[in-house]
Amino acid sequence: MAATFTIFALFTTLSCFCLISIEAGARAGFSTDLIHRDSPRSPFYNQSRTRSDRLHAAFRRSVSRASRFSSNHPSDIQSDLTSGSGEYLMKISIGSPPVNNLAIADTGSDLTWIQCQPCTNCYKQNYPYFDPKKSSTYKTLSCDSKPCVALRDDGTSSCDNNLCSYSISYGDQSTSGGDVAEETFTFGSTTGGSAVVPKLTFGCGHDNQGTFNESSSGIVGLGGGAASLVKQLERSISGKFSYCLVPLDNPPNVSSKINFGSNAVVTGPGVVSTPLVSKSPATFYYVTLESLTVGSKSISFKKSKVDGDGKAAEEGNIIIDSGTTLTLLPQSIYDDLESALIAAIKGKRVSDPQNLFTLCYQSTGDLKVPPITAHFTGADIVLLPTSTFLEVEEGITCLTMIPTTLDLAIWGNLSQMDFLIGYDLVKQEVSFKPTDCSKQ
């Protein structure tokens, strides 16, 4: 059973000509729009800001988000995400009757949460706060419930009078706390269909403070941990989800897509797959990047001195993250990559006025940049030059990969654009297929 649904920022009242109930064990598929926060379709969009302003804001969010991925505090990695750092938005409807909410879709978070009445301390939002008293399907969870126990194992939940509660602290000192509950979630479209997901565990936030933006009601957790939307739907969607991110300069009426279940299968010519590597925390999607190639020049990832003899890449040395715009590479790898690119590109070097990028060129019609091939274990993908080099300001084009001193590298969303990327949590693999995502 499969259907396609379009969910967008300015979502109208649901008009349900059909219902698809996604029960545990049932096999289903559905697709929704992912709205980039800088798209004119997003409530984050500020018409007065230039393209350059929006790009640099996204780049700064990348650095802020990545700075929280510190292996010095492995138990805090999830909680150290910056609260407003996600780049894509999803519309979700919650309760019976359904109440519309717009939230940040985040592959770097597990627990889905939204602001709820009564609000002890809530930030202002454009949508009405969700009132669980007005829903016939809302139910708080007890301390001995399986979801509460799972959340308690990773330090997210606690108990009070046998009621399960959660508390999340973000790296910018923003916080969210409230009740752990189950509720019916509805995904719908103006084309007339709705997918109903009963008894989904989420956080009903009564105390939410910090730098959250009034345009979103919370977070949709798409990580690999037990509490995430993906893991909760694992049996129903056969452990599969995929997305296709359109390039930033696509027309505003073209949106990226995220697919679940039967809609998320990635097949056909050009598909390559690489294993997911199980590491802690389970939130993140770890893969192994063995090397990068520029022309005939190969740049290899080596094992750390602690882990081995330096002849092979360390397993799970990079995470794939939709919420980080830039790709961040270890300093030594980045230096070798930059040297190879400088040797291959014939153009006038210029400085980045924002002092973020170290490899920039004067934008000219004849500036030619070589393709970069990423060699993941079992999967070679050729990156689009339009994603690896971007005009960040008028007349200045820069490499969209930057060095990091963190132990963990990040494969950002610019490097994922115009690929259909499928996650199979049963087979424990990620698949890539070069695709014109504007036509998905």
Answer yes or no: is there a donor N or O on one side and an acceptor on the other, between the side chain of [X] and the main chain of [Y], under 3.5 Å?
| X | Y | value |
| --- | --- | --- |
| Glu182 | Pro147 | no |
| Tyr285 | Gly223 | yes |
| Gln125 | Tyr127 | yes |
| Lys433 | Thr267 | yes |
| Asp418 | Cys437 | yes |
| Gln428 | Leu425 | yes |
| Thr274 | Gly378 | no |

Would the pair Cys116 and Cys119 meet an SG-SG distance criterion of under 2.5 Å? no

Under 2.5 Å between the SG atoms of Cys164 and Cys143? no

Tell me whether the centres of the aromatic rings in Tyr286 and Trp411 are closer together than 6.0 Å.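 Tyr286 vs Trp411: aromatic centres not under 6.0 Å.
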
[X] and [Y]: side-chain donor and acceptor closer than 3.5 Å?
| X | Y | answer |
| --- | --- | --- |
| Asp179 | Thr140 | no |
| Ser176 | Tyr166 | yes |
| Asp207 | Gln209 | yes |
| Thr400 | Thr388 | no |
| Ser363 | Thr397 | yes |
| Ser291 | Ser300 | no |
| Tyr361 | Lys346 | no |
| Thr288 | Glu314 | no |
| Ser217 | Asn101 | yes |
| Gln331 | Asp335 | yes |

Looking at side-chain heavy atoms only, is the closest gap between Tyr423 and Glu429 below 4.5 Å?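 Tyr423 does not reach Glu429 side chain to side chain.
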
How far apart are the C-alpha atoms of Leu337 and Met401, what are their side-chain angles, what is the distance that settles it, and do they pass the side-chain contact (heavy atoms from CB on, under 4.5 Å) test? CA-CA 9 Å; Leu337 174 64; Met401 299 180 179; 3.7 Å; yes

Here's a test for you: under side-chain contact (heavy atoms from CB on, under 4.5 Å), which of Ile258, Thr112, Thr283 qualifies with Leu222? Ile258

Pair Phe130, Glu183 - check side-chain contact (heavy atoms from CB on, under 4.5 Å), show working. CA-CA 11 Å; Phe130 176 65; Glu183 182 56 285; 3.5 Å; yes

Name of the residue among Thr327, Thr404, Thr358 meeting side chain to side chain donor-acceptor pair (under 3.5 Å) with Tyr334: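 Of the listed residues Thr327, Thr404, Thr358, the side chain to side chain donor-acceptor pair (under 3.5 Å) partner of Tyr334 is Thr358.
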
What residue pairs, at least two apart or across chains, pass disulfide (SG to SG under 2.5 Å) with a residue in residues 336-399? Cys360-Cys398

Apply side-chain contact (heavy atoms from CB on, under 4.5 Å) to the pair Ile342 and Arg349, showing each step before the final yes or no. CA-CA 9 Å; Ile342 290 173; Arg349 294 275 304 275; 3.2 Å; yes

Closest approach of Ser242 to Val266 (non-hydrogen atoms, all atoms of both residues):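 For Ser242 versus Val266, the nearest heavy atoms are CB-CG2, 4.3 Å.
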
